[in-house]
Amino acid sequence: MAMDGLLVVISGPSGAGKGTVVKKLILEDVYALSISVTTRMPRTGEVDGREYFFTTKEDFEKLRDDNNLLEHATYVDNYYGTPRKYVEEQVALGKVVLLEIEVDGALQVKEKFPEAVLIFIAPPSLEELERRLVKRNTESEALIASRIKKAQVELGLISHYDYVVVNDSVKLAVEKINAIVTAERLRRFPKAKPRKCSKDSLPAERRSLGQSPIIN
Ligand code: 5GP
C-alpha cells in the first residue's frame with residue numbers, strides 16, 4: 001500500500017472512551033474513519049454502515065477468506081474486521097485513517113504496515129473502567145465481566161503501542177492525539193529528499209555559495 005497518508009490505530013479497553021475521542025477527532029477533515037464489519041448485534045441506536053457494517057458469521061468468513069479484510073479478530077465471541085479497500089483508498093488520498101480496533105488486530109496491522117502509528121487509550125484505572133461500563137448500560141453483567149477480563153489482557157499488551165494516552169479528559173486526549181498525528185506527519189516529511197538543483201539554476205548572488213551540500 002502506498003503510504004501517502006497515515007494509518008493510525010486506536011485501541012483501548014471497552015469503556016476507555018475510544019469512541020468518544022474518535023468522534024471528536026473526525027470532526028477534522030484530515031481524518032477518515034474506517035467502519036468495521038462485525039457479527040455482533042447492533043446496540044440500541046446503532047445504525048448499519050455508521051457504527052459498523054453488521055453482518056452474519058457466514059458473510060464475515062467469506063470477506064475474510066476472499067482477503068477483503070486488512071485485519072480481523074474475535075472479541076468476546078464475535079468477529080470484527082477492517083475492510084481493506086476503504087483504508088487503502090483513503091491512505092492513498094493522503095488522509096489520516098483511523099482504525100478503532102482491539103489489540104490482536106492492532107498487532108496484525110503493525111506487522112503488515114510497520115509505519116502505522118499505534119495509540120493506546122487507557123482508562124484512568126480499572127475501577128473507573130468498570131464504573132463507565134456499568135453506567136453505559138449496554139451490556140449484561142456477564143458481558144461486562146468478560147469485557148473487564150479482556151481489558152486486563154489488553155492492558156498487558158500496552159508495550160506494543162507507540163503511544164499511550166490516558167483518557168481522564170476527552171478534550172485533553174483529543175489534543176494529545178492531534179499532537180501525535182502532527183508530529184508523526186512531520187517526522188515522515190524529510191523522506192521527501194531535499195530538492196537537488198544545479199548551481200546555474202540559482203540566482204547570481206547565491207552562485208558563489210555553491211558549496212551547499214544540496215547543490216550539484
Ligand atoms: P464493541 O463491541 O464495543 O463495539 O467493540 C469491541 C472491541 O472490538 C473494541 O475494542 C473495538 O475497538 C474492537 N473492534 C471494532 N472493530 C474492530 C475491527 O475491525 N477489528 C478489530 N480487530 N477490532 C475491532
Side-chain angles (χ1 to χ4, degrees), residues 1-36 69-75 80-126 128-129 132 147-193:
M1 174 170 35
M3 290 295 281
D4 298 330
L6 190 63
L7 197 49
V8 175
V9 172
I10 300 207
S11 303
S14 186
K18 287 169 302 190
T20 316
V21 169
V22 164
K23 271 194 199 120
K24 300 258 182 221
L25 287 171
I26 57 169
L27 296 175
E28 300 278 344
D29 247 10
V30 70
Y31 292 107
L33 175 64
S34 159
I35 311 284
S36 299
L69 299 178
L70 202 66
E71 61 71 41
H72 57 87
T74 303
Y75 185 95
Y80 295 80
T82 302
R84 175 188 299 282
K85 193 161 170 273
Y86 177 80
V87 174
E88 289 183 348
E89 282 171 1
Q90 295 298 311
V91 168
L93 284 172
K95 292 280 186 176
V96 177
V97 182
L98 296 176
L99 307 187
E100 187 202 324
I101 63 176
E102 52 69 68
V103 285
D104 289 349
L107 299 185
Q108 290 171 42
V109 171
K110 191 70 173 177
E111 201 175 314
K112 285 184 194 156
F113 309 107
E115 58 276 63
V117 178
L118 266 52
I119 303 176
F120 192 94
I121 300 197
S125 67
L126 272 180
E128 171 63 13
L129 187 76
R132 287 182 190 174
R147 282 175 179 252
I148 288 175
K149 221 165 148 192
K150 182 85 182 171
Q152 283 165 334
V153 175
E154 289 178 319
L155 285 163
L157 292 167
I158 220 167
S159 62
H160 293 277
Y161 283 74
D162 300 306
Y163 299 93
V164 176
V165 172
V166 176
N167 183 18
D168 39 16
S169 144
V170 172
K171 186 168 173 279
L172 280 181
V174 168
E175 277 175 21
K176 285 175 189 167
I177 294 174
N178 276 325
I180 292 166
V181 166
T182 302
E184 287 287 340
R185 295 182 93 199
L186 291 172
R187 201 163 69 83
R188 279 140 221 259
F189 181 70
K191 282 185 191 155
K193 293 206 176 67

For V30 and K95, what are the C-alpha separation, side-chain angles and deciding distance, and is it a side chain to side chain contact (heavy atoms under 4.5 Å, CB included)? CA-CA 6 Å; V30 70; K95 292 280 186 176; 5.6 Å; no
Please list, chain by chain and in numerical order, all residues satisfying side-chain hydrogen bond (donor to acceptor under 3.5 Å, both in side chains) with E71, sequence neighbours excluded. T82
Under the side-chain contact (heavy atoms from CB on, under 4.5 Å) test, residues paired with E128 that sit two or more places apart: P124, S125, R131, R132
Main-chain N/O of V91 paired with E88 side-chain donor or acceptor, under 3.5 Å: no
Those residues that, when tested against Y161, pass ring-ring contact (aromatic ring centres under 6.0 Å, His included) (two or more places apart): F120
With sequence neighbours left out, the residues meeting side-chain contact (heavy atoms from CB on, under 4.5 Å) with S169 are K171, L172
Under 3.5 Å: donor-acceptor pair, side chain of Q108, backbone of H72: yes
Tell me the salt bridge (Lys or Arg N to Asp or Glu O under 4.0 Å) pairs involving residues 149-163, sequence neighbours left out? K110-D162
Ignoring hydrogens and angles, tell me if any N or O in the side chain of N167 forms a donor-acceptor pair with the backbone of I121 under 3.5 Å. no
For residues 16-32, which residue pairs qualify under side chain to side chain donor-acceptor pair (under 3.5 Å), counting only residues two or more places apart or in two chains? Y31-N178
Is a donor on one side and an acceptor on the other found under 3.5 Å between the side chain of S11 and the backbone of I101? yes
Any side-chain heavy atom of L98 sitting closer than 4.5 Å to one from I10? yes
Gap separating the CD atom of E100 from the OG atom of S36, nearest 0.5 angstrom: 7.5 Å
When T182, V165, V117 are each screened for side chain to side chain contact (heavy atoms under 4.5 Å, CB included) with I177, the one that passes is V165
Which of these, V8, V9, I158, sits in a side chain to side chain contact (heavy atoms under 4.5 Å, CB included) with L118? V9
Those residues at least two apart in sequence (or on a different chain) that pass side-chain contact (heavy atoms from CB on, under 4.5 Å) with L126 are L129, A151, Q152, L155
Taking C-beta and beyond as the side chain, do Q90 and V96 meet within less than 4.5 Å on heavy atoms? no
Could you tell me which residues satisfy side-chain contact (heavy atoms from CB on, under 4.5 Å) with K85, sequence neighbours excluded, listed by chain and number? E89
Check: L6 main-chain N/O paired with R188 side-chain donor or acceptor under 3.5 Å: no
